[in-house]
Amino acid sequence: MLKATLRSFLAHKGRLLLSALAVLLSVAFVTGSLIFSDTVSRTFDRLFASTAADVTVSPKEGLDEAVPSGRTATLPAALAERVRRIDGVAAARAEVDVNGLTVVDENNEPVGPTTGAPTLGNAWNPNERSPVELTSGHAPRGSGQALLDSETADRKDVRIGDTLTVIAPPGSFQVRVVGIVTFTTTNPGSALVFLDPSTARTKLLGDPRAATGIAVDAAQGVDDERLKQRVAAALGAHTYDFRTADEQAESDVEQLGGFLDVIKYVMLGFAGIAVLVGVFLIVNTFSMLIAQRTRELGLLRALGADRRQVRRSVLTEALLLGLVGSTLGLAAGIGLAAGLIELMGLLGMNIDADEMVIGWVTPVAAYVVGLGVTFVAAYLPARRAAAVSPMAALSDAEVAGVGRPLRVRAAAGAVVGAAGAAALVGCAVSGRTASAASLLGLGVVLTLIATVIAGPLLVRPVIRVLGGAFPALFGSIGRMSQRNALRNPRRTGATAAALMVGLALVGGMSVASESMTASFDRQIDRTLGADFVIQNTNFLPFPKEVTDAVRDTEGVGLVVRGRFTPVAVRLPDGDRVETTAAGYDPRLDEVANITYTQGDSAAALADGRLAMDRDFARDHGVRVGGTVPVEFQGGRSAELTVGALTDQDSAEGFGTQGGLYFGLGTLERYAPGGQDSALYVNAAPGTSDDELRAGLEATLDPYPQVQVRDLADYKQLVHDQIAVLLYLVYALLGLAIIIAVLGVVNTLALSVVERTREIGLLRAIGLARRQLRRMIRLESVVIAVFGAVLGLALGLVWGVCTQQVLALQGMTALAIPWVTIVAVVIGSAVIGVVAALLPALRASRMNVLAAIAHE
């Protein structure tokens, strides 16, 4: 049996190749994501471990910034002198590390990275743990000198002696580059500007007595943990945060983790799609191979092989397929990880590909995925193979299940489909976002399973409609192609299911994204009343001098500032909610249209008061006039009175939980030092919008990071952000289509082999090669369009239900992207034509006499 199995596998290796490609793709994405994330993690572990001080003293913040506030947390630089006198301390340095700078050259072009990585301003404190070393020029001396990292200098063609303008939180200033530093470790993609310590404190922090942290080096023989305890005891354990080198490195890795998780989950999403679609392909392939080998399997049974041996033989073939696919996929995954590392290098993150990490988990995951997918997919066909009787060797019987009734499928599909439909209905009528989202996920999974199960039941009615025009358009050729697609509903359903999965995904996400876009457009039209909005391109806050320059621009009538801050609110029901609150100037009503259910803007922005979304207030038992304890960044807290309740659809909370906002006076009192994140500008009487825009753009020319946006620009900004999500979905769709095309090619190729004798007879009675190719192409097209119709129908249902979940967050518009749907159907027909090219060509080249004699 083993010899027979191996010979059978090698005899059909061409037919199994396309299935192996599906295994290869799924394994490649799994292993590539693991290798890449492990390599980046190891690289940054080494970076953080080698650069972290033995003990780090930092300000106690307590609240994470989901939206940047522009506030830099500081502590007294004089603490370094106190720390130096502590027993066991070898050295202590007051550090300055400021994120979010903008640096421009003499042509007013940004010098920093454009890939999202930050530009950092630091105090020049060279030591053995520095990630950079001075390689040319000299150290900065005085307020007008700076160092720049070599990679930024090379990328932007900056040389020693060049003048740069640094736009920092306290304001802009010019420096002359006097030296170049080179990374001794991995460059995380940032641009680094170094100033002398005194200048860094004054220019970057706006306070010559401040620092962002104290780096402490332990004396020889002193344990980090023991030194941390001594420093904490001397400075006050509850006054600052104290971390050992290991703790600081771990904290830095956690901050990086979000970036790595995004890449890992995206790649695992690709792997999941490849696995799901690959299962359909492998099931179909083995089902057809077994159907074609009915007499061979019957002969084995007649020679004495029992059912278990036949089943084991088929599963062994599947495991051999999985072994080959997994091995090739592991190699492809290594190449994929190397490509990602190169891509990161182009984006400025230099990771050494020679130090690629391939842990034991990676090959184990590769073979578990590859072998698991093929084993699961081949199990049902193997059971069918074991059911072949010895008498099948004497007949032309098949076990493809063509004639078997589909009653079991109908019952199973109906039960699962009813459960999925009930979950989706529950999602649509649910009033709570969390439960609606859970029901949506359950409904999507169940309806997908139900459609796959019941797919063969839909083949005959749907394909009769889709191919109904074929006889009229293509005559007998069209009629035969339609009947060929109807010949085996199970095979047609399984082939179309592979395409259906990807198209259902793109259909659902297209409806959701189109609805989000329409909702945001409606909300912007209804809410935004300003002529222009001034914002940073990356939504970071900007220095006060930008606000002053805008106010001084000719033609400006009104400027309302917007600022953000992290807060924690303790609510009457006992919940403590961390969120982002906004602060605004008093004349907010003139630049924003807010719907209040209780109170008004005057009450909301009054000193010591705040506004809150009505639904959030109702859920937590908050009423107008009641007080809520609010914790601010830096440890300050206040009892604020609820002055107004708003409708979140039109509130100026920018979708943050609770829709909290208050006056800028309140924000400045409890969270001073923040920066403006947006300016809402109205034109003065007699000034046109075009004149004001031209004036604002001229004013902001020295600040290339700040943009002037009107209503249309603001909408386009939202559209572009949503489009990023769609691009990911389209990439997933592309992968699913590639594997689905492999499935259609495989099905048609095996179908041609199965119908060799029939094709020979058709050719013998006069069917031309061109007609034969057309027949196979039409069969492929109708199968592909059938998969598209099922997928889009399912996707539209998912999309509508997703919109109902979004409606609970204020996105109430429902929009159907009909252009996308029509394009997908047309594209599916094209896919069908492409997938049929090779099988049709092979069929047309058959020798007629050999085909008629084929057994």
Side-chain angles (χ1 to χ4, degrees), residues 272-273 276-277 279-280 283 405-466 489-490 492-516 519 729 732-733 736 740 785-809 811-818 820-821 824-825 828:
I273 290 292
L276 184 60
V277 180
V279 165
F280 295 120
V283 167
L406 297 171
R407 287 191 295 269
V408 175
R409 277 182 176 266
V415 171
V416 177
L424 292 178
V425 170
C427 159
V429 301
S430 176
R432 299 183 67 87
T433 304
S435 58
S438 300
L439 289 170
L440 174 64
L442 179 62
V444 165
V445 172
L446 292 178
T447 50
L448 176 61
I449 294 172
T451 308
V452 171
I453 293 173
L457 290 163
L458 303 172
V459 168
R460 287 194 170 101
V462 175
I463 285 186
R464 281 197 177 100
V465 173
L466 294 178
R490 284 182 173 83
T492 300
T495 304
L499 189 60
M500 178 195 73
V501 172
L503 296 182
L505 176 66
V506 77
M509 291 304 298
S510 295
V511 172
S513 63
E514 192 79 6
S515 298
M516 289 172 63
S519 296
V729 175
L732 288 170
L733 170 67
V785 174
F786 170 66
V789 169
L790 285 188
L792 289 174
L794 198 57
L796 286 174
V797 173
W798 293 353
V800 170
C801 292
T802 302
Q803 189 274 329
Q804 293 298 307
V805 177
L806 295 174
L808 298 175
Q809 297 296 313
M811 302 179 206
T812 55
L814 174 63
I816 307 296
W818 295 112
T820 301
I821 291 171
V824 166
V825 173
S828 299

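Hydrogens, waters and symmetry mates are skipped; everything else that's a heavy atom, side chains included, is used. Fair warning: this is a prediction, and the values are worked out from it, not measured in the lab.
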Does the side chain of [X] reach to within under 4.5 Å of the side chain of [Y], using non-hydrogen atoms?
X      : Y      : answer
Pro817 : Val511 : yes
Cys427 : Val805 : yes
Gln804 : Leu814 : no
Val797 : Thr447 : no

For Ser435, the side chain to side chain donor-acceptor pair (under 3.5 Å) test, sequence neighbours excluded, returns Ser430

To the nearest 0.5 angstrom, please state how far the [atom1] atom of [X] sits from the [atom2] atom of [Y].
X      : Y      : atom1 : atom2 : value
Thr802 : Leu440 : OG1   : CG    : 4.5 Å
Leu448 : Trp798 : CG    : CH2   : 4.5 Å
Leu503 : Ile821 : CG    : CD1   : 11.0 Å
Leu806 : Ser513 : CG    : OG    : 10.0 Å
Leu792 : Ser828 : CG    : OG    : 7.0 Å

Report the C-alpha distance between Ile816 and Glu514 in whole Å, list the side-chain angles of each, state the deciding distance to 0.1 Å, and finish with yes or no for side-chain contact (heavy atoms from CB on, under 4.5 Å).
-> CA-CA 7 Å; Ile816 307 296; Glu514 192 79 6; over 6 Å; no

request  = List in chain and number order the residues that pass side-chain contact (heavy atoms from CB on, under 4.5 Å) with Leu442, two or more places apart in sequence or in another chain; answer none if no residue qualifies.
outcome  =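 With neighbours one apart ignored, the set is Ala423, Leu446.
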
